[in-house]
Participant: 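Let me give you the structure first, and then I'll get to my questions.
In this text the structure is predicted, and so the values were computed from the model without any measurement.
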Amino acid sequence: MERKVKDQVRGYRTQDGAGVNLVRVLGNTTVETYDPILMLDSFDSTNPDDYTAGFPMHPHRGIETVSYIFRGKMIHKDSLGNEDAIADGEVQWMTAGSGILHEENLPASERMLGVQLWLNLPAKDKMTAPAYHSIRNSKIEEIPLENGKLRLLAGKYKDSTGYMSKYLPLDYYDIHLEPNASIVIDTEKDRSVMVFTLVGEANIGGEVIKEKTAVKLTEGDQLVIKSMDKAAQILFVSSTLLDEPVAWGGPIVMNTKSELQKAFADLQNGTFLQKEISY
């Protein structure tokens with residue numbers, strides 16, 4: 001059965017961090033529909049003034065952030081002592097878990113193009129130990145398609161395997177299609193599948209979807225994606241529904257209001273950074 005469009009959200013321009021202009025697509029009003037994806041921010045600019053202010057040091061708890069910088073560069077520093085940079089096609093995967101402080105700097109480049117996802121952590125893993133991992137281009141397989149290519153950022157695609165998420169089964173593809181090309185992706189029927197049109201329009205599940213739009217698909221075992229008269233770049237994310245309560249406050253996402261209140265109390269009391277804790 002072919003997957004069809006269940007919901008779509010087109011991004012809007014806003015600012016975050018110290019004054020970074022970005023396109024916010026998913027957020028606290030789309031949590032239930034796009035579970036387990038909490039947030040999707042897209043960056044696309046040829047003007048360094050839009051993004052070089054960066055994101056100063058700030059806290060996270062209860063989530064994972066997955067940043068894909070297809071063009072440009074992102075420099076990461078965190079309270080674990082990590083200092084690292086990804087650029088031009090690489091991925092930064094940060095597990096906030098019980099608590100982490102980090103900053104992200106975006107140096108000037110010809111074009112800043114990419115996406116950051118916030119993934120919800122299952123309740124049992126909310127207070128797991130924080131961690132950081134970068135996925136280099138050498139670890140990202142590029143799979144040729146008849147009229148394009150697929151970059152396997154994480155998970156599996158047919159017989160190929162990339163970086164495997166520790167807490168959620170997650171397949172993450174960057175699909176590049178030449179004009180008037182198509183791809184059929186086999187999917188597990190009960191998986192939660194979302195696609196995002198990073199560059200260009202595309203026909204997804206039988207509907208024309210504009211650029212910078214997230215689409216949630218119905219259940220099914222196949223998804224058909226077609227480019228239009230121009231080339232398209234489409235991100236594909238497949239995971240499992242958590243179907244758990246969400247208590248969201250700024251950079252912290254827990255399951256209950258009391259857990260959220262404790263997180264902010266920990267920030268005030270200087271006890272935010274801690275080892276893994278069981279509720």
Participant: Tell me the closest heavy-atom pair linking L168 and N120, and the distance in Å.
Facilitator: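 For L168 versus N120, the nearest heavy atoms are CD1-O, 3.3 Å.
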
Participant: Counting heavy atoms not belonging to K226, are there more than 12 under 6.0 Å from its NZ?
Facilitator: no

Participant: How far apart are the closest heavy atoms of L170 and S239, and which atoms are they?
Facilitator: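 Looking at all heavy atoms of both residues, the shortest contact is CD1-CB, 3.7 Å.
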
Participant: Applying salt bridge (Lys or Arg N to Asp or Glu O under 4.0 Å), name anything that partners D266, two or more places apart in sequence or on another chain.
Facilitator: R61, K262

Participant: Give a yes or no on whether the backbone of N82 and the side-chain of D78 come within a donor-acceptor separation of less than 3.5 Å.
Facilitator: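 At least one qualifying donor-acceptor pair exists.
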
Participant: Does T187 use its side chain to pair, donor to acceptor, with the backbone of G220 at less than 3.5 Å?
Facilitator: yes

Participant: Verify the neighbour count for atom NZ of K210: are there more than 12 heavy atoms of other residues, nucleotides or ligands below 6.0 Å?
Facilitator: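 Atom NZ in K210 is not crowded, with 12 or fewer foreign heavy atoms closer than 6.0 Å.
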
Participant: Enumerate the residue pairs fulfilling salt bridge (Lys or Arg N to Asp or Glu O under 4.0 Å) with a member in residues 101-112, sequence neighbours excluded, ordered by first and then second residue.
Facilitator: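 Salt bridge (Lys or Arg N to Asp or Glu O under 4.0 Å) check on residues 101-112 returns D44-R111.
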
Participant: Counting only N and O atoms by type, is there a donor-acceptor contact under 3.5 Å from the side chain of K212 to the main-chain atoms of G11?
Facilitator: no

Participant: Applying side-chain hydrogen bond (donor to acceptor under 3.5 Å, both in side chains) between R151 and each of Y173, Y157, Y172, Y68, report the one that passes.
Facilitator: Y68

Participant: How long is the span from the CD1 atom in I234 to the CD atom in E211, to the nearest 0.5 Å?
Facilitator: 10.5 Å

Participant: Count the heavy atoms of every other residue, nucleotide or ligand shown that sit under 6.0 Å from CG of D190, and state whether that count exceeds 12.
Facilitator: yes

Participant: Using modelled atom types only, decide if a donor and an acceptor are shared between the side chain of R3 and the backbone of T218 within a distance under 3.5 Å.
Facilitator: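 Checked: pair present.
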
Participant: Crowded around N269 CG? As in, over 12 foreign heavy atoms under 6.0 Å?
Facilitator: yes

Participant: We want to know whether T213 and Q8 form a side-chain donor-acceptor pair, criterion being a heavy-atom distance below 3.5 angstrom.
Facilitator: no

Participant: Using a 3.5 Å distance criterion without hydrogens, assess whether the side chain of D221 forms a donor-acceptor pair with backbone atoms of M1.
Facilitator: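 Flag set: sc D221 to bb M1 pair under 3.5 Å.
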
Participant: Identify the two heavy atoms, one from I75 and one from A85, that lie closest to each other, and give their separation to 0.1 Å.
Facilitator: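 Smallest heavy-atom distance, with atoms named: CG1-CB, 4.1 Å.
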
Participant: Taking atom CG of L145 and atom CD1 of I175, what is their separation to the nearest 0.5 Å?
Facilitator: 7.5 Å

Participant: Restricting to non-hydrogen atoms, name the atom on D7 and the atom on Y34 that form the minimum distance, rounded to 0.1 Å.
Facilitator: OD2-OH, 2.8 Å

Participant: Checking D84 against S134: is there a side-chain donor and acceptor pair closer than 3.5 Å?
Facilitator: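 S134 vs D84: donor-acceptor pair found between side chains.
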
Participant: Tell me whether K126 contacts the main-chain N or O of G62 through its side chain, where contact means a donor paired with an acceptor under 3.5 Å.
Facilitator: yes

Participant: Considering non-hydrogen atoms only, spot the tightest contact between W93 and A154 and give its length.
Facilitator: CZ3-CB, 3.8 Å

Participant: Rounded to the nearest 0.5 Å, what separates atom CD in E90 from atom OG in S138?
Facilitator: 7.5 Å

Participant: If I compare all heavy atoms of A232 with all of S227, which pair ends up nearest, and what's the gap?
Facilitator: CB-CB, 4.1 Å

Participant: Between K257 and E259 (salt bridge meaning N to carboxylate O under 4.0 Å), is one present in this structure?
Facilitator: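 A salt bridge is absent here (no side-chain N lies under 4.0 Å from a carboxylate O).
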
Participant: Examine H102 together with Y132 and report whether their ring centres are nearer than 6.0 Å.
Facilitator: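 H102 vs Y132: aromatic centres not under 6.0 Å.
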
Participant: For the backbone of G27 and the side chain of T30, can you confirm whether one donor and one acceptor N or O come within less than 3.5 Å of each other?
Facilitator: yes

Participant: Do F55 and H76 have ring centres separated by under 6.0 Å?
Facilitator: no

Participant: Does either side chain, that of Y167 or that of T95, offer a donor lying less than 3.5 Å from an acceptor on the other one?
Facilitator: no

